[in-house]
Engineer: 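Could you have a look at this structure, given as C-alpha cells, before my questions?
For clarity, every value in this text was computed on a predicted model and none was experimentally measured.
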Amino acid sequence: MRISELAREAGTTPRALRYYEEQGLLRPARLASGYRHYDPQAVGTVRHIQLLLSAGLNTSAIAEILPCIPDGVTVLAPTCPELLDALAVERARITTSIDRLAAARDVLDRLIQAGPAAGDQS
DNA sequence: ATTCTTACA
DNA sequence: TGTAAGGA
C-alpha cells in the first residue's frame with residue numbers, strides 16, 4: 001500500500017509516516033515511481049510506534065524496541081535480552097508519569113467535587 | 001489526483 | 001507537525 005492508505009489505516013498522517021522513516025522506524029520499499037511502498041504489516045508497526053510515542057519513549061528508544069516485536073502480534077512476548085535494561089528504565093519512567101497523572105487527576109477530582117478516584121470509567 | 005523533497009511568518 | 005513550493 002502507499003503512504004496515504006497506510007496513514008488512514010493506522011490513524012495518522014503521511015507527514016508523520018515520513019518522519020518515522022527519517023527516524024529509522026520504518027523502511028518502506030520504493031516503487032519505480034519513487035513512491036513509498038508499505039506492506040500490510042506496517043499498519044501494526046505504526047500502531048506500535050504511536051503507542052510507544054504516546055507513552056513518552058523517544059524515537060531512538062522505539063527504533064531499538066521495534067525489531068524485537070514479532071509481526072502482527074498484539075501482545076509482546078519475546079524481547080531482546082540485551083534491551084531488558086533499557087526497557088526497565090522506560091517502564092520506570094512510565095510509572096513515574098502515571099503517578100504524575102494520578103496526582104493531576106486528584107486535583108481535578110477535588111475541583112469537581114467527585115469522590116472515588118477509582119471508579120470513573122464511564 | 002498523489003506523492004516526493006526541501007524548507008520555514 | 002502543518003504547510004507551501006516546484007517537480008514528476
Side-chain angles (χ1 to χ4, degrees):
Chain A
M1 63 181 80
R2 292 184 318 191
I3 198 165
S4 65
E5 185 184 351
L6 174 59
R8 276 188 289 96
E9 293 192 33
T12 186
T13 63
R15 174 69 159 100
L17 295 180
R18 296 193 185 97
Y19 175 68
Y20 296 161
E21 178 181 353
E22 190 178 277
Q23 297 302 299
L25 273 32
L26 296 174
R27 331 249 351 155
R30 291 285 182 157
L31 268 20
S33 60
Y35 290 7
R36 273 165 267 249
H37 177 251
Y38 303 85
D39 40 39
Q41 69 158 57
V43 176
T45 302
V46 172
R47 288 181 175 152
H48 279 140
I49 292 173
Q50 298 181 310
L51 179 71
L52 266 16
L53 283 176
S54 70
L57 279 70
N58 56 49
T59 55
S60 65
I62 297 175
E64 292 184 39
I65 297 173
L66 229 43
C68 297
I69 301 177
D71 288 13
V73 179
T74 301
V75 288
L76 298 53
T79 61
C80 301
E82 326 82 69
L83 298 178
L84 291 180
D85 178 66
L87 295 182
V89 172
E90 297 295 347
R91 208 205 99 95
R93 193 180 43 59
I94 289 174
T95 297
T96 295
S97 186
I98 288 174
D99 291 344
R100 180 161 36 69
L101 290 172
R105 183 181 56 184
D106 285 350
V107 171
L108 297 188
D109 279 345
R110 285 147 60 188
L111 254 32
I112 297 171
Q113 83 202 186
D120 63 333
Q121 283 304 302
S122 60

Engineer: Does A:Leu51 sit in a hydrophobic cluster with other residues, and if so which ones, taking ILVMFWY side chains as linked at heavy-atom separations under 4.5 Å, directly or through other members?
Structural biologist: none
Engineer: Could you write nucleotides 2-8 of chain C as a row of B, S and -, 5' to 3', where a protein heavy atom under 4.0 Å of any base atom gives B, of only sugar-phosphate atoms gives S, and otherwise -?
Structural biologist: BB----B
Engineer: Any pair with a residue in residues 22-31 of chain A that passes side-chain hydrogen bond (donor to acceptor under 3.5 Å, both in side chains), sequence neighbours left out, goes on the list, sorted by first then second residue, please.
Structural biologist: A:Gln23-A:Thr59
Engineer: Listed by chain and number, what are the side chain to side chain donor-acceptor pair (under 3.5 Å) partners of A:Ser33, not counting sequence neighbours?
Structural biologist: none
Engineer: If the C1' atom of B:dT2 is compared with that of C:dG6, how far apart are they to the nearest Å?
Structural biologist: 15 Å
Engineer: I need the A:Tyr20 OH to A:Leu53 CG distance, nearest 0.5 Å.
Structural biologist: 5.0 Å
Engineer: Got a second to check how far A:Ser54's OG is from A:Ile49's CD1, nearest 0.5 Å?
Structural biologist: 12.0 Å
Engineer: For A:Tyr19 and B:dC4, what is the distance between atoms OH and P respectively, to the nearest whole Å?
Structural biologist: 18 Å
Engineer: Could I get the full list of side-chain contact (heavy atoms from CB on, under 4.5 Å) partners for A:Arg93, not counting sequence neighbours?
Structural biologist: A:Leu57, A:Glu90
Engineer: Quick one: side-chain contact (heavy atoms from CB on, under 4.5 Å) partners of A:Arg2, sequence neighbours excluded?
Structural biologist: A:Leu31, A:Tyr35
Engineer: Take atom CG of A:Leu6 and atom P of B:dC4, then tell me their distance rounded to the nearest Å.
Structural biologist: 11 Å
Engineer: A:Ile3 CD1 to B:dT2 C1': how many Å, rounded?
Structural biologist: 11 Å
Engineer: Rounded to whole angstroms, how far apart are CD on A:Glu5 and P on B:dA1?
Structural biologist: 19 Å
Engineer: Which residues in residues 24-34 of chain A have at least one heavy atom lying under 4.0 Å from any atom of DNA chain B?
Structural biologist: A:Arg30, A:Gly34
Engineer: Taking only residues two or more places apart in sequence, or in another chain, which ones meet A:Thr96 in a side chain to side chain donor-acceptor pair (under 3.5 Å)?
Structural biologist: none
Engineer: Going by the rule side-chain contact (heavy atoms from CB on, under 4.5 Å), which residues pair with A:Thr13 if we only count those two or more places apart in sequence or in a different chain?
Structural biologist: A:Arg15, A:Ala16
Engineer: Round to the nearest Å and state the distance from A:Glu21 atom CD to C:dT1 atom P.
Structural biologist: 15 Å
Engineer: For A:Glu5, which residues count as a side-chain contact (heavy atoms from CB on, under 4.5 Å) partner, sequence neighbours excluded?
Structural biologist: A:Met1, A:Arg8, A:Glu9
Engineer: Between A:Arg36 (CZ) and B:dC4 (P), how many Å, whole number?
Structural biologist: 4 Å
Engineer: Output every pair passing salt bridge (charged side-chain N to carboxylate O under 4.0 Å, His left out) with a member in residues 35-52 of chain A, not counting sequence neighbours, ordered by first then second residue.
Structural biologist: A:Glu21-A:Arg36
Engineer: According to a 3.5 Å limit on both distances, what stems of 3 or more consecutive Watson-Crick or G-U pairs are formed with DNA chain B?
Structural biologist: B:4-8 with C:2-6
